[in-house]
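Below is one structure, written out as C-alpha cells, with a few remarks after it.
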Amino acid sequence: MDHYDSQQTNDYMQPEEDWDRDLLLDPAWEKQQRKTFTAWCNSHLRKAGTQIENIEEDFRDGLKLMLLLEVISGERLAKPERGKMRVHKISNVNKALDFIASKGVKLVSIGAEEIVDGNVKMTLGMIWTIILRFAIQDISVEAQETPALPQLVLGCPFVCLIDHWKDGLGFCALIHRHRPELIDYGKLRKDDPLTNLNTAFDVAEKYLDIPKMLDAEDIVGTARPDEKAIMTYVSSFYHAFSGAQKAETAANRICKVLAVNQENEQLMEDYEKLASDLLEWIRRTIPWLENRVPENTMHAMQQKLEDFRDYRRLHKPPKVQEKCQLEINFNTLQTKLRLSNRPAFMPSEGRMVSDINNAWGCLEQVEKGYEEWLLNEIRRLERLDHLAEKFRQKASIHEAWTDGKEAMLRQKDYETATLSEIKALLKKHEAFESDLAAHQDRVEQIAAIAQELNELDYYDSPSVNARCQKICDQWDNLGALTQKRREALERTEKLLETIDQLYLEYAKRAAPFNNWMEGAMEDLQDTFIVHTIEEIQGLTTAHEQFKATLPDADKERLAILGIHNEVSKIVQTYHVNMAGTNPYTTITPQEINGKWDHVRQLVPRRDQALTEEHARQQHNERLRKQFGAQANVIGPWIQTKMEEIGRISIEMHGTLEDQLSHLRQYEKSIVNYKPKIDQLEGDHQLIQEALIFDNKHTNYTMEHIRVGWEQLLTTIARTINEVENQILTRDAKGISQEQMNEFRASFNHFDRDHSGTLGPEEFKACLISLGYDIGNDPQKKTGMMDTDDFRACLISMGYNMGEAEFARIMSIVDPNRLGVVTFQAFIDFMSRETADTDTADQVMASFKILAGDKNYITVEELRRELPPDQAEYCIARMAPYTGPDSVPGALDYMSFSTALYGESDL
C-alpha cells in the first residue's frame with residue numbers, strides 16, 4: 001500500500017474512541033450494520049451449529065459471544081457461567097471482552113453492562129471491533145507479509161471505492177476478478193445498481209458460500225452506504241477468495257506431490273518390469289548359449305553360427321538398449337527421489353542394477369565361450385570335412401586306378417602274342433610295376449587319413465574304415481598277381497626273339513618301299529593345272545626322271561618278299577604258334593605286289609595326259625600372241641584420237657563451222673574403225689573359252705579397250721554437241737567469231753588444272769585477261785572454268801563482286817552448284833551480258849500492255865491477243881491473281897514472267 005492507503009486503513013483499524021453513548025446511529029446505517037453484522041456472526045456460528053436472530057438480544061448472556069470468539073479465533077475461552085442471573089451474564093461478557101483485549105484490541109466506552117442491557121450501539125460497536133480484529137486486520141497482515149496480495153482483494157484503497165459499492169459494480173468486479181466464469185462483467189450497466197447488487201449477492205451466496213448481509217434496496221436507498229457494513233461484507237469476500245486460493249494452493253501442492261509420487265511409482269514399476277523382463281531373457285538365453293552339443297555336419301554348425309549371428313545382430317542389441325535404459329531410469333528415479341526428499345528406491349530382491357550387471361556379465365561370458373566353441377567346432381568340422389573329402393578323393397582315384405587291374409594281370413594274352421607283343425607287354429608290365437610302386441604312397445596316405453579321422457572322432461568312421469580295409473586287401477592281391485605275370489612274360493619272350501628279328505628287318509624295308517609306292521601313285525594320279533608351255537615342259541621332265549627309277553624299285557621289292565618267305569620257313573620248321581601277323585608293320589606281301597602293279601599301270605596314262613596338255617598350251621600361246629598384237633595397236637589408237645579431239649575442241653583454227661566439219665570427219669573415221677574392235681572382241685571370247693587369265697604379250701585388257709572405245713564415242717559426240725551449241729549461241733546472241741575466239745582463249749589460259757572448268761578466282765583472272773594477248777599460251781586446256789576463275793573474270797569486266805552479287809551470278813552459270821564454270825556456261829553468261837535479250841521485266845511490261853495497264857490479265861484478253869496454243873499455255877500455267885484489285889478469273893502475269901526466266905517456280 002502507498003502512504004495514503006495505509007493511513008486510511010489504519011484509521012479504520014483504530015477502536016471507537018469517540019463512540020458517543022448518548023447519540024443514536026443514523027437509522028439507515030444502523031439497519032445496514034445490524035443486518036450485516038448479524039449475517040457475519042451467523043456465517044461463523046453456523047460452524048458451531050447455532051446462530052442469532054437479534055444481535056442485541058442474543059449476545060446479552062455472553063454465551064454465544066464467547067462461542068463466536070472461539071470459532072473465529074480457534075482458541076478456547078474460559079469456561080462460561082451457566083446461570084441466568086445478570087451477574088452471570090456480565091461475567092460471561094467480561095470474559096469475552098477480556099479475550100478481545102488480550103488480542104491487543106483497546107475497547108473504549110464499551111462495558112459488559114451495556115451489552116447485557118442490550119445497548120444496540122454498544123453491541124454493534126463491539127461486533128465491529130471483533131470484525132476489525134479478526135477479519136479486517138488479517139487482511140492487512142497478509143497484505144504486508146505477501147505484497148502480491150491485492151489491497152482489500154481488489155488492489156485499490158477501500159475508501160476510494162465506497163461509491164463503487166453503491167452501484168454494485170464493485171462487488172461484481174470483485175467476483176469477476178477471482179471467478180470470471182460466474183459473472184459476465186461486460187454486460188453490466190452502471191445505471192442499474194439494483195440488478196448489479198442482486199447479481200453479486202446472489203452469486204456470492206450461491207457459489208461462494210457468503211451469506212447475504214445486505215439488501216440491494218438498503219444500499220441504493222442510502223445517500224452513502226455504511227462503510228462498516230460494506231467493509232464487513234467485503235472482508236467476507238476476501239476470506240472466501242483467500243480460503244479458495246489457499247485451498248487451490250494446497251490442492252496444487254498435493255497434486256504436485258502426488259504427481260511426483262505417481263511418476264516415481266511408475267518409474268519404479270517400469271524398472272521392476274524392465275528388470276524382470278531382462279533377467280528373464282538372460283535366464284532363457286544362457287542355457288541356449290551353454291548348449292555345446294556338437295553337430296555332425298558343417299552345414300548344421302554353420303546354421304548354429306548363423307543363429308548366433310542373428311542373436312548378436314537382431315536379438316541382443318535391443319536388450320543392450322533395454323539394459324542401458326534400465327540404468328538410466330534407475331539413476332533418474334534415484335535423482336528424483338533425492339530431489340523430492342523421498343527415500344532411495346530399493347528394487348526387489350535380485351533386481352538390483354548390480355544383479356542385472358552380474359547376470360549380464362555371466363551372459364557375455366557364456367556368449368564369448370559359445371562363440372569360441374562354435375569357431376573351434378567349425379574349424380574341427382572343417383578339418384574333418386577336408387580330411388573326409390581328401391580320403392574320398394584319394395580313395396576314388398585309387399579305386400578308379402585299380403579298376404580292371406586284377407583282370408588285366410590274370411589274362412594270358414602272352415600265349416598267342418608275337419615277340420614284339422611280348423616285349424611290349426613286358427615294357428607295359430614294367431611301367432605298371434613302376435606305377436604300382438608310385439601308388440604305394442597313396443595307399444599309405446589313405447590309411448593315414450583314415451587313422452586321423454578315427455582319432456578326431458569322425459561320425460562316419462565305420463564306413464571310412466571299411467573302405468580303407470578293402471583298399472589295403474586289394475593292394476596286397478595286386479602285388480602277388482604282378483610278380484606272377486612277370487615270370488610268364490619272360491619265359492615267352494625267349495621263344496619269339498628269333499622270329500622277331502626277321503619281322504623287324506622286313507618292317508624296316510617294307511615301310512619305306514610302301515611309302516615310295518603310295519607317293520608315286522599319288523603323283524601319277526595328281527591332276528595338274530598349267531597356263532604356260534614352260535609349266536607343262538617342267539612336268540614332263542619330272543615324269544621322265546621318275547620312270548628311270550623303276551628298275552631299282554623292282555629289285556627292292558623282290559628283296560623284301562624274300563625276307564617274308566624266310567620267316568614262313570622258320571615257322572613251319574619249328575612249329576611256332578604264331579598268333580598274329582608282323583607286329584612291326586601291317587604291310588603284307590600281297591599289298592606290296594598289288595601297289596607295284598598299280599604303279600606300272602599308271603605310268604602310260606600319265607604319259608598320255610602330259611602330251612595332250614602340251615598341245616593345248618601351244619594353242620593357247622598362239623591365241624595370246626594374236627590378241628596382244630591387235631590390242632597393242634587399238635589401245636594407242638584410241639588414246640591418240642582422244643587427244644586429237646581435245647585439241648580440236650579448244651584450239652581456235654577456223655570458224656565454228658570448220659571445227660564442226662572437222663569433228664564430224666573424225667567421228668566418221670572412228671565409226672569406220674568399229675570392225676577392228678569387233679574382231680578383237682572375237683579373239684577375247686576365244687581366250688575366255690580357253691580359260692586364259694593372263695597375257696604377257698600386252699598390257700591392254702579387253703575391259704580397257706571397251707572403256708576407251710566408249711569414252712572415245714562419248715567424247716566425240718559431246719564435243720560435236722558443244723560446237724553446235726556454241727554456233728546456236730553465237731547466232732542467237734549475235735556474237736562475232738572474234739569474240740568467240742577471245743572468250744575461248746581467255747578460258748583456256750586460266751584453265752590451269754586442265755579440268756575444262758574455272759574456279760571463282762580463276763574466272764576473275766580470265767575476265768581481267770580479256771584485254772591481253774594470250775594466244776600463244778602453251779598450257780593444255782580442258783574447256784571449263786571453276787568458280788574462282790569465273791569470279792575473277794567478272795571483276796575484270798567491271799562487276800561489283802560482293803558476296804551476294806557473286807552468288808547470284810554463280811547460280812546462273814553453275815545452277816547445279818558444282819563449284820565450276822564450263823565453257824558453254826561461260827559463253828551463255830557472256831552473251832547474256834553483252835547481247836540485247838529479253839528479260840523478265842520486258843515480258844512483264846508486254847503483258848501489262850495487253851492487260852490495259854492492269855496488274856492482272858484475264859483469260860479473254862489472253863485469247864484475244866495471243867495465238868491459241870500460246871494463249872492456252874499461259875492460261876494453264878498462270879496462277880490466280882490475289883491482289884486487292886482482283887476480279888473473278890484474274891491471272892497473275894507477273895509471277896508467270898518471273899518464272900519464265902527461272903526466278904521462281906513456274
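Each residue takes its place number in the sequence, starting with 1. The analysis underlying the following values was restricted to heavy atoms, covering all of them including side chains, and did not include hydrogens, waters or symmetry mates.
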*Determine, stepwise, if the pair Gln601 / Asp597 fulfils side chain to side chain donor-acceptor pair (under 3.5 Å).*
CA-CA 6 Å; Gln601 294 172 2; Asp597 292 340; over 6 Å; no
*Passes side-chain contact (heavy atoms from CB on, under 4.5 Å), Glu406 versus Leu481? Steps please.*
CA-CA 7 Å; Glu406 292 183 2; Leu481 291 175; 4.2 Å; yes
*Test side-chain contact (heavy atoms from CB on, under 4.5 Å) on Gln525 and Met521 and set out the steps.*
CA-CA 6 Å; Gln525 297 178 91; Met521 288 187 292; 4.0 Å; yes
*Please report the C-alpha distance between Gln411 and Arg485 in whole Å, then the side-chain angles of each, then the deciding distance to 0.1 Å, and finally whether the side-chain contact (heavy atoms from CB on, under 4.5 Å) criterion is met.*
CA-CA 9 Å; Gln411 62 183 348; Arg485 181 173 175 81; 3.9 Å; yes
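Residues Val443 and His398 are in side-chain contact: their nearest non-hydrogen atoms beyond the backbone lie under 4.5 Å apart. Using a 4.5 Å heavy-atom threshold, the side chains of Gln334 and Asn331 count as separate. Using a 4.5 Å cut-off on side-chain heavy atoms (C-beta onward), Lys323 and Asn357 make contact. Counting only heavy atoms from C-beta outward, the side chains of Lys595 and Arg557 never approach each other to under 4.5 Å. With contacts defined as side-chain heavy-atom distances shorter than 4.5 Å, the pair Glu322/Trp281 does not qualify. Contact check for Tyr506 versus Val567: no side-chain heavy atoms found under the 4.5 Å cut-off. Side-chain contact between His697 and Phe627: absent, with no pair of heavy atoms (C-beta onward) separated by less than 4.5 Å. Between Lys368 and Glu372, some side-chain heavy-atom pair lies under the 4.5 Å cut-off.
In Lys547, the NZ atom is crowded: over 12 heavy atoms of neighbouring residues, nucleotides or ligands sit closer than 6.0 Å. Crowding of Ile529 atom CD1: a count of heavy atoms from other residues, nucleotides or ligands under 6.0 Å not exceeding 12. For Glu349, the CD atom sits in a loose shell: 12 or fewer heavy atoms of surrounding residues, nucleotides or ligands are nearer than 6.0 Å. By the 6.0 Å contact criterion, CG on Asn358 is enclosed, its count of non-hydrogen atoms from other residues, nucleotides or ligands being greater than 12. Other residues, nucleotides and ligands contribute at most 12 non-hydrogen atoms within 6.0 Å of the CD atom of Glu522. Atom CZ of Arg600 has 12 or fewer heavy atoms from other residues, nucleotides or ligands within 6.0 Å.
A distance-only check finds no donor-acceptor pair linking the side chain of Arg624 to the backbone of Ile687 [under 3.5 Å]. Between the side chain of Thr588 and the backbone N or O of Glu591, at least one donor-acceptor pair lies under 3.5 Å. The main-chain N or O of Leu561 is found under 3.5 Å from a side-chain atom of Asn565 such that the two form a donor-acceptor pair. For the pair Asn465 (side chain) and Ser461 (backbone), a donor-acceptor distance under 3.5 Å is present. Using modelled atom types, one side-chain atom of Lys405 and one backbone atom of Trp401 make a donor-acceptor pair closer than 3.5 Å. With hydrogens and angles disregarded, no donor-acceptor distance shorter than 3.5 Å links the side chain of His429 to the backbone of Leu425. Under the 3.5 Å distance criterion, the side-chain polar atoms of Glu272 are left unmatched by any main-chain donor or acceptor of Pro347. Not one N or O on the side chain of Asn477 forms a donor-acceptor pair closer than 3.5 Å with the backbone of Asp473.
Annotation for Ala275 and Ile356: closest pair CB-CD1, 3.5 Å, computed over non-hydrogen atoms. The heavy-atom pair separating Leu436 from Gly479 by the smallest distance is CD2-CA, 4.4 Å. The shortest non-hydrogen separation linking Tyr700 to Asn632 is CD1-OD1, 3.8 Å. Counting all heavy atoms, side chain and backbone alike, Ile563 lies closest to Leu502 at CG2-O, 3.7 Å. When all heavy atoms of Lys394 and Ile449 are compared, the closest pair comes out as CD-CD1, 3.9 Å. In this structure, Trp596 and Leu550 approach most closely via the heavy-atom pair CH2-O, 3.4 Å.
Between the side chains of Glu703 and His684, not a single donor N or O lies within less than 3.5 Å of an accepting N or O. No hydrogens or angles considered: nothing links the side chains of Gln445 and Asp441 as a donor-acceptor pair under 3.5 Å. Side-chain contact, His614 with Thr611: no donor N or O sits under 3.5 Å from an acceptor N or O. Between the side chains of Gln325 and Asn329, at least one donor N or O lies within less than 3.5 Å of an accepting N or O. In this structure, a donor-acceptor pair under 3.5 Å is present between the side chains of Gln630 and Asp683. Looking at Asp607 and His543, their side chains do bring a donor and an acceptor atom within 3.5 Å of each other.
Using a cut-off of 4.0 Å between Lys/Arg side-chain N and Asp/Glu carboxylate O, Arg616 and Glu613 are scored as salt-bridged. The pair Glu399-Arg392 does not meet the salt-bridge criterion, since no charged nitrogen lies less than 4.0 angstrom from a carboxylate oxygen. The pair Lys273-Asp277 meets the salt-bridge criterion, since a charged nitrogen lies less than 4.0 angstrom from a carboxylate oxygen.
Phe330 and Tyr271 have tilted rings, their planes meeting at an angle from 30° to 60° on a 0 to 90° scale.
We find the CD1-SG distance between Ile446 and Cys468 to be 7.0 Å, quoted to the nearest 0.5 Å. Taking CE of Met702 as the reference point, atom CD of Gln685 lies at 11.0 Å (rounded to 0.5 Å). To the nearest 0.5 Å, atom CD1 of residue Ile692 and atom NE2 of residue His619 are 7.0 Å apart. Summarising the geometry, atom CD belonging to Glu556 is positioned 4.5 Å from atom CZ belonging to Arg509; distances are rounded to the nearest 0.5 Å. In this structure, CG on Asp526 lies 12.0 Å from CG on Leu602, to the nearest 0.5 angstrom. Here Ile286 contributes atom CD1 and Gln365 contributes atom CD; the two are 11.0 Å apart, rounded to the nearest 0.5 Å.
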